[in-house]
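The block underneath contains the structure these notes are about, expressed in structure tokens.
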Amino acid sequence: LASRCVHCKALEPVWEKLAGRLSDQMIKVAKINGVEEPVLMSRFRVEGFPSIFHIKDGETRQYIGGRSVHALELFAKSGWMKAEPLPFWRSPTSAAGQLLAVFLGVPTHIKTAYTYFKHDLGYSEV
């Protein structure tokens, strides 16, 4: 999701209703702000918002379908079995996806260290 995305805002009440319907069926529904989580967004290779993925047993499937509670619920319960899993080189849960996360996370770690040294410890930029 992206906080300024019109389509994401329209999906929000549907997503909340879906989470409520599936909560007692051991199906987890989550949302991630792609703007605040650029590494995760890159791992999933998000090309547009909102993007919906199903992850089970190490396999990831991208949902392409209607945005109604009914359509999303059908996919979450059993429709995902008909969807082709992402290939290993594209899946964020594969070894390739995890390696990509490490690589993409380096700038974030550098920024965190910079902020710590400059703001928390008071070191100069030199």
Side-chain angles (χ1 to χ4, degrees):
L1 299 174
S3 57
R4 295 183 185 159
C5 170
V6 175
H7 304 290
C8 296
K9 288 180 182 179
L11 184 63
E12 188 85 26
V14 173
W15 200 249
E16 295 300 323
K17 193 170 189 176
L18 177 69
R21 283 191 183 183
L22 298 176
S23 65
D24 64 339
Q25 298 178 39
M26 304 298 290
I27 299 174
K28 296 179 182 178
V29 177
K31 60 183 175 180
I32 297 167
N33 186 328
V35 176
E36 293 176 5
E37 298 290 343
V39 173
L40 198 53
M41 192 171 78
S42 295
R43 277 183 70 187
F44 278 84
R45 291 176 175 82
V46 172
E47 296 175 356
F49 293 107
S51 291
I52 300 172
F53 295 91
H54 179 275
I55 302 170
K56 183 168 176 65
D57 299 330
E59 292 186 330
T60 305
R61 292 166 176 82
Q62 186 164 8
Y63 174 73
I64 301 171
R67 300 295 200 229
S68 69
V69 175
H70 179 70
L72 291 164
E73 186 175 7
L74 284 176
F75 183 78
K77 288 181 176 179
S78 61
W80 63 270
M81 290 185 252
K82 298 173 191 163
E84 199 60 37
L86 296 178
F88 83 94
W89 54 267
R90 188 164 176 252
S91 176
T93 56
S94 70
Q98 292 174 8
L99 183 61
L100 180 63
V102 170
F103 178 73
L104 294 171
V106 170
T108 302
H109 296 307
I110 291 171
K111 182 180 177 185
T112 301
Y114 170 80
T115 301
Y116 172 73
F117 283 114
K118 182 170 183 199
H119 298 290
D120 297 347
L121 299 180
Y123 287 107
S124 70
E125 293 186 23
V126 180

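In this structure, L86 and P92 have side chains that are in contact, with non-hydrogen atoms separated by less than 4.5 Å. By the 4.5 Å heavy-atom criterion applied to side chains, L11 and L72 are counted as neighbours. Residues F44 and T60 meet the side-chain proximity criterion, which asks for heavy atoms closer than 4.5 Å. Counting only heavy atoms from C-beta outward, the side chains of T93 and E59 never approach each other to under 4.5 Å.
To the nearest 0.5 angstrom, S68 atom OG is 10.5 Å from K17 atom NZ. Going from atom CZ of R61 over to atom CE of M81 covers 9.0 Å, rounded to the nearest 0.5 Å. For the atom pair NZ (K56) and NZ (K28), the distance works out to 11.0 Å, reported to the nearest 0.5 Å. The OH atom of Y114 sits 14.5 Å away from atom OH of Y123, with the distance rounded to the nearest 0.5 Å. For the atom pair NZ of K77 and CZ of R21, the computed distance is 8.0 Å after rounding to the nearest 0.5 Å.
Applying the side chain to side chain donor-acceptor pair (under 3.5 Å) test to K118 and every residue at least two apart in sequence or in another chain returns E125. Residues meeting the side chain to side chain contact (heavy atoms under 4.5 Å, CB included) test with P87, sequence neighbours left out: W89, R90.
Note: the hydrophobic cluster containing F103 also contains V39 (ILVMFWY, side chain heavy atoms under 4.5 Å, direct or indirect links). Clustering ILVMFWY residues whenever any of their side-chain heavy atoms sit less than 4.5 angstrom apart, transitively, puts I64 in a cluster other than the one holding V46. Linking Ile, Leu, Val, Met, Phe, Trp and Tyr residues whenever their side-chain heavy atoms come within less than 4.5 Å places L22 and V14 in a single cluster.
Listed here is the closest heavy atom pair of S91 and G58: OG-O, 4.3 Å. Contact between R67 and I52 at its shortest, heavy atoms only, is NH1-CD1, 3.6 Å. Of all heavy-atom pairs spanning A2 and C8, the tightest one is N-SG, 3.4 Å. In terms of heavy atoms, A76 sits closest to I27 at O-CD1, 3.9 Å.
Test Y63, F75, F53 against W80 for side-chain contact (heavy atoms from CB on, under 4.5 Å) and you get one pass: F75.
For N33 (side chain) and V35 (main-chain N/O), a donor-acceptor pair under 3.5 Å exists by modelled atom type.
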(message) Determine whether M41 and I32 satisfy the following criterion, side chain to side chain contact (heavy atoms under 4.5 Å, CB included), listing intermediate values before the conclusion.
(response) CA-CA 9 Å; M41 192 171 78; I32 297 167; over 6 Å; no

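Residues E16 and K31 are paired through a salt bridge, judged by an N-O separation under 4.0 Å between the basic side chain and the carboxylate.
Atom CD of Q25 is surrounded by more than 12 heavy atoms from other residues, nucleotides or ligands within 6.0 Å.
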